[in-house]
Amino acid sequence: LTPALLCLILLLFMMWVVERRDAGWLRYGTLGALFGVALLARGEGVVLLLAMLVVWRLVVPSWRQYAREAGLFTTAAVLVVLPWTIRNAISMHAFVPVSSAAGHTLLAGHQDDPYNPYRVFPEAKIQAKYAYLCDRWGTQGCPEQEIKVENEALRESLRFMIHHPKDEARFPFIKFY
């Protein structure tokens with residue numbers, strides 16, 4: 001199941017649930033569980049979850065109804081993601097909700113020239129900095145290095161976003177062109 005197909009299924013199911021105002025708890029729970037599966041496929045979807053909850057609140061007139069529907073949805077999504085988060089905490093010895101790729105993803109798109117073909121692996125210099133954390137041949141896996149590289153890549157990309165707001169404003173237009 002590709003991420004694009006999963007997103008299409010999720011969008012169609014969401015439209016079906018939202019269209020039916022009399023949708024019961026099972027539909028909201030199923031929608032949340034499906035969204036949890038989508039989060040496992042693409043961890044960056046957490047941002048989409050927050051945006052969806054804001055839009056959902058604008059559409060639903062009652063706070064009580066919103067709390068019930070959004071609560072069921074969010075709880076189901078969290079219950080799907082929780083076993084993977086626990087597994088990550090045990091194996092990585094760090095809090096990694098879904099994957100350790102957010103820093104890499106953000107750094108790839110938030111740097112001086114994100115479309116320069118010679119900068120396809122922007123965190124390479126960060127990985128070299130923490131190479132000493134791996135065994136010589138890299139056969140044991142390097143969870144400590146992975147976490148340190150991820151955190152530094154995330155900090156570097158957020159620093160770029162803060163110090164280059166004009167670039168941030170034009171990047172969406174460039175990326176969708």
Side-chain angles (χ1 to χ4, degrees), residues 1-110 123 141 143-144 146-158 160-162 165 168-169 171-177:
L1 185 63
T2 65
L5 181 58
L6 184 60
C7 286
L8 177 64
I9 293 168
L10 180 63
L11 181 63
L12 291 173
F13 191 74
M14 181 180 288
M15 288 171 45
W16 177 62
V17 168
V18 171
E19 179 187 56
R20 297 183 51 104
R21 290 307 323 156
D22 63 336
W25 66 270
L26 185 58
R27 285 197 185 147
Y28 291 111
T30 304
L31 179 61
L34 188 58
F35 192 81
V37 171
L39 285 176
L40 290 173
R42 297 299 294 185
E44 300 85 26
V46 172
V47 176
L48 179 61
L49 172 64
L50 298 174
M52 281 175 37
L53 291 174
V54 168
V55 171
W56 201 337
R57 176 59 195 120
L58 296 173
V59 172
V60 176
S62 160
W63 271 103
R64 179 175 282 176
Q65 181 182 357
Y66 168 74
R68 183 179 63 246
E69 293 172 359
L72 283 168
F73 173 83
T74 306
T75 301
V78 167
L79 287 174
V80 169
V81 172
L82 189 61
W84 190 253
T85 304
I86 292 169
R87 174 251 175 226
N88 285 345
I90 293 167
S91 66
M92 304 292 276
H93 305 291
F95 178 69
V96 180
V98 177
S99 85
S100 60
H104 166 76
T105 303
L106 282 173
L107 187 59
H110 298 89
E123 79 272 3
E144 189 178 0
E146 186 176 332
I147 296 300
K148 287 189 180 292
V149 169
E150 170 67 15
N151 290 340
E152 192 163 328
L154 187 60
R155 279 192 301 273
E156 192 173 312
S157 61
L158 292 174
F160 181 86
M161 289 179 195
I162 291 167
E168 288 303 310
F171 277 165
F173 297 104
I174 294 171
K175 290 178 182 181
F176 289 118
Y177 174 64

Which atom of Met92 lies closest to which atom of Pro143, heavy atoms considered: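 That would be SD-CB, 3.6 Å.
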Which atom pairs, donor and acceptor, lie under 3.5 Å between side-chain atoms of residues 72-82 and protein residues at least two apart or in another chain?
| residue | atom | partner | partner atom | Å |
| --- | --- | --- | --- | --- |
| Thr74 | OG1 | Ala70 | O | 2.8 |
| Thr75 | OG1 | Gly71 | O | 2.7 |

With side chains defined as the heavy atoms from C-beta onward, is the minimum distance between Asn88 and Phe95 less than 4.5 Å?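 The answer is no, as the side chains (C-beta and beyond) never meet within the 4.5 Å cut-off.
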Heavy-atom side-chain proximity of Met161 to Leu158 below 4.5 angstrom: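 Yes. Closest side-chain heavy atoms under 4.5 Å.
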Rounded to the nearest 0.5 Å, what separates atom [atom1] in [X] from atom [atom2] in [Y]?
{"X": "Arg155", "Y": "Glu150", "atom1": "CZ", "atom2": "CD", "value": "10.0 Å"}
{"X": "Glu152", "Y": "Ser157", "atom1": "CD", "atom2": "OG", "value": "11.0 Å"}
{"X": "Leu34", "Y": "Leu39", "atom1": "CG", "atom2": "CG", "value": "10.0 Å"}
{"X": "Glu146", "Y": "Ser91", "atom1": "CD", "atom2": "OG", "value": "9.0 Å"}
{"X": "Phe35", "Y": "Leu40", "atom1": "CZ", "atom2": "CG", "value": "11.0 Å"}

